[in-house]
2 protein chains.
Amino acid sequence: MAVTIRDVAKASGVHISTVSRTFSAPHLVNPETRTRVLATAEELGYRPNRAARALITGRTHNIGLIVADIANPFFPPMIKAAETHARRRDYHVFVADTDEDPVVETDLVRALAKQVDGILLCSPRMSDDQIEQVRREVPLVVVNRLIDGLPAVVMDVGTGARSAVRHLLDLGHRHLLYLSGPRGSWTNREIRKAAGAAARAGGAEFTVLGPHVPVSQAGADATGAVLATGATAVLAYNDLMAIGLLQALQDRGVAVPEQISVVGFDDIATSALVRPTLTTVANPTAAAGRAAVDMLLQQGDDGATGQVTLRTDLVIRNSTGPGPYAPAGATTEQVAVYAKE
Amino acid sequence: MAVTIRDVAKASGVHISTVSRTFSAPHLVNPETRTRVLATAEELGYRPNRAARALITGRTHNIGLIVADIANPFFPPMIKAAETHARRRDYHVFVADTDEDPVVETDLVRALAKQVDGILLCSPRMSDDQIEQVRREVPLVVVNRLIDGLPAVVMDVGTGARSAVRHLLDLGHRHLLYLSGPRGSWTNREIRKAAGAAARAGGAEFTVLGPHVPVSQAGADATGAVLATGATAVLAYNDLMAIGLLQALQDRGVAVPEQISVVGFDDIATSALVRPTLTTVANPTAAAGRAAVDMLLQQGDDGATGQVTLRTDLVIRNSTGPGPYAPAGATTEQVAVYAKE
DNA sequence: TAATCTGTTGCAAACGTTTGCCGAATGGAG
DNA sequence: CTCCATTCGGCAAACGTTTGCAACAGATTA
């Protein structure tokens with residue numbers, strides 16, 4: 001029913017191997033023959049069957065992209081960038097969602113393994129051991145997590161956290177609070193460590209609240225606890241939580257940033273849409289997606305397993321303002337630092 | 001290198017066909033033999049090669065999902081639902097992004113055709129003719145567009161638009177404005193027609209502004225034009241535009257809903273996060289994703305090409321309020337109508 | 001003129017499965 | 001004891017490609 005290489009061969013009077021070569025090794029076939037074959041192929045509407053090709057070459061020209069939650073606004077820009085980038089290199093992308101479940105994650109990697117040339121594992125919830133395990137079944141690039149000997153793309157959240165803390169210290173805040181994210185998250189640990197160290201180094205008190213599910217509701221739910229600590233500035237694991245907190249505070253009549261400052265992480269689209277607009281540490285998710293794809297596709301060539309760290313940038317908006325120890329005249333400056341694609 | 005059916009056969013002392021049947025037709029093999037084969041398969045870590053299976057059966061157990069823009073918050077919940085639903089039926093999902101380009105869309109369908117058992121075309125930008133064309137190369141289910149003879153899943157945006165208009169009329173608005181979406185969009189046409197008819201039937205003036213790119217910036221940019229019309233209530237093509245308008249109005253000192261009411265479409269997550277929270281017509285995107293997958297997978301069986309229309313619901317929040325002709329005591333009631341998954 | 005090379009094509013095996021067909025073994029009925 | 005039905009497993013072809021090898025013609029070189 002579908003038109004195959006054989007049909008094209010018959011119609012153009014050559015052997016199937018010639019047709020095959022016309023597509024996969026054009027330089028090996030006479031230009032005249034080639035154009036003739038190409039013409040009949042076009043006419044018949046021939047499209048190479050990738051499954052058959054994959055069977056014999058061992059390369060599927062597919063990659064897998066596994067994320068914890070497609071609907072989490074952090075991921076779509078990354079998925080989009082990765083997919084577009086992959087397609088430009090003639091690769092198709094399987095996208096799968098684990099619903100934050102490490103077991104599903106493992107199964108998914110295994111199920112996809114035979115069908116792809118490699119997998120992008122984004123913000124994995126598996127243990128390091130499990131990852132080491134599945135890595136033997138299929139080439140892997142991990143995003144948002146650093147594991148020895150594994151190719152990875154991470155965002156420099158430590159530096160981002162330090163910038164955020166410094167910003168808050170500069171504004172005169174002396175009691176900072178970190179609204180912690182999910183337990184298994186590498187990013188969460190990094191932020192907490194870096195922010196804690198920077199805060200204490202700056203002579204400020206540092207409180208941690210959590211862990212939390214990384215959704216806006218969790219931020220809203222934490223409002224009472226946040227206020228109870230007496231902190232005047234909050235750094236949240238991600239923008240979603242920050243926004244939840246932001247709105248819940250205002251609903252209670254607590255003014256942001258006058259009474260309390262809030263900083264998020266990620267710079268999702270929504271952060272510029274809420275009022276006050278959210279000060280946040282921008283993560284280059286699109287760049288991460290592209291970098292991960294490149295890394296995966298190069299992996300075949302050499303065995304080199306690089307680890308790439310992408311720069312994060314503090315985007316100062318309107319949710320942060322002077323604190324109780326503000327130097328005279330301290331004020332937030334509007335800085336727009338995000339790079340266009 | 002990878003373990004194949006042959007390795008399992010050798011290791012368990014049976015013919016490869018027996019191993020094959022153990023997996024694809026278990027009832028045809030002796031329970032004893034079966035358990036033995038399964039044991040060695042497990043031990044060797046055998047996983048069936050789907051490409052090989054696809055080659056001979058003609059069924060890939062993959063489906064394609066093509067959307068205009070993964071990063072548009074309207075789509076991720078749909079992608080997520082479709083992927084999860086498909087996986088439960090043992091299908092993997094290719095996701096691809098056309099960047100709103102009809103040409104890319106066509107190429108993508110063609111490129112994916114041989115690799116999938118069918119494609120979900122979400123909010124296509126192609127012409128009806130082009131769709132009819134590619135439909136001959138691969139089974140299709142279209143989401144958010146109605147084409148004669150083509151299986152489709154659409155949201156009942158007409159009814160949604162009428163509810164929204166009625167809500168605004170009840171609140172005493174007599175000049176409504178529709179902030180139009182992109183030109184090629186079927187949904188946009190439906191909303192405009194239904195809203196216009198309902199407004200005029202209610203004795204109200206109805207103005208259309210557009211077309212616009214369906215992003216928040218477009219909503220913000222339209223602010224001046226909106227105010228110039230003198231309309232007291234705005235219905236936007238989608239939430240993103242509504243939110244852009246909402247915030248731009250407030251930034252200009254125009255109070256929402258006191259001076260002007262705003263209604264969106266879709267009910268994306270952000271709509272409940274902005275202040276005032278956005279009154280909007282909720283689209284069952286997740287249900288649509290699931291329905292589309294079901295429809296695609298059933299399509300093989302019979303030739304029946306159903307068309308499913310999903311119910312939309314007006315979610316009244318805080319961006320709508322009494323207009324100039326409000327009956328005494330008119331007020332927005334808080335209604336929560338969205339169905340949990 | 002013979003030998004060698006180059007460019008082009010055909011031949012056939014291989015990739016990892018599925019599946020129609022056939023034969024062997026088993027068990028019950030007559 | 002024979003016959004038939006049933007259950008099980010092996011055989012081999014097929015799916016649509018790629019690719020190493022060989023064949024051939026013509027051109028170049030010695």
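Protein chains get the first letters and strands the later ones, always in sequence-line order, with residue 1 at the start of each.
Each of D:dG16, C:dT17, D:dG20 was ranked by its minimum atom distance to the side chain of B:A52; first place goes to C:dT17. Of the candidates D:dG16, C:dT17, C:dT8, C:dT17 carries the atom nearest the B:Y46 side chain, counting heavy atoms from C-beta on. If you check D:dT18, C:dG16, D:dG20 against the side chain of A:R21, the one that comes closest is D:dG20. In the set C:dT8, C:dG16, C:dG10, the nucleotide with an atom closest to the side chain of B:R6 is C:dG16. Side chain of A:S24, nearest nucleotide from C:dG16, D:dC8, D:dT18: D:dT18. In this structure, of C:dC11, D:dT17, D:dG9, it is C:dC11 that holds the atom nearest to the side chain of A:H15. Out of D:dC8, D:dC21, C:dA12, the shortest distance to the side chain of A:S17 is found at C:dA12. For A:T18, taking side-chain heavy atoms from C-beta onward, the closest of the listed nucleotides D:dC15, C:dG10, C:dT17 is C:dG10. Comparing C:dG16, D:dT18, D:dG9 by their nearest atom to the side chain of B:T33 picks out D:dG9. Of all nucleotides listed (D:dG20, C:dG16, C:dT18), C:dT18 comes nearest to the side chain of B:S20.
Distance CZ (B:R34) to C1' (D:dG9): 14 Å, rounded to an integer number of Å. In this structure, the CZ atom of B:R59 is 14 Å from the C1' atom of C:dT18, given to the nearest Å. For the pair B:K114 NZ and D:dC15 C1', the computed distance is 13 Å after rounding to whole Å. Atom pair A:E32:CD and C:dT8:P shows a separation of 10 Å (rounding to whole Å applied). Atom pair B:I56:CD1 and D:dT17:P shows a separation of 15 Å (rounding to whole Å applied). To the nearest angstrom, P of C:dT17 lies 5 Å from CD1 of B:I5. One interatomic measurement links the two molecules: CD1 of B:I16 to P of C:dA14, which rounds to 14 Å at whole-angstrom precision. Between the CG atom of B:L55 and the P atom of D:dA14 there is a distance of 14 Å, given to the nearest Å.
For the residue pair B:T187 and B:E190, no side-chain donor N or O sits within less than 3.5 Å of a side-chain acceptor on the partner.
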Using the side-chain contact (heavy atoms from CB on, under 4.5 Å) rule, take A:N62 and A:F94 through it: C-alpha gap first, then chi angles, then the decisive distance, then the call. CA-CA 7 Å; A:N62 293 148; A:F94 284 110; 4.1 Å; yes

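A salt bridge between B:R87 and B:E83 is present, with a side-chain N of the basic residue lying under 4.0 Å from a carboxylate O of the acidic one. Salt bridge absent: A:R135 and A:D128 never bring a charged side-chain N and a carboxylate O closer than 4.0 Å.
Atom NZ of B:K114 has more than 12 neighbouring heavy atoms from other residues, nucleotides or ligands inside a 6.0 Å radius.
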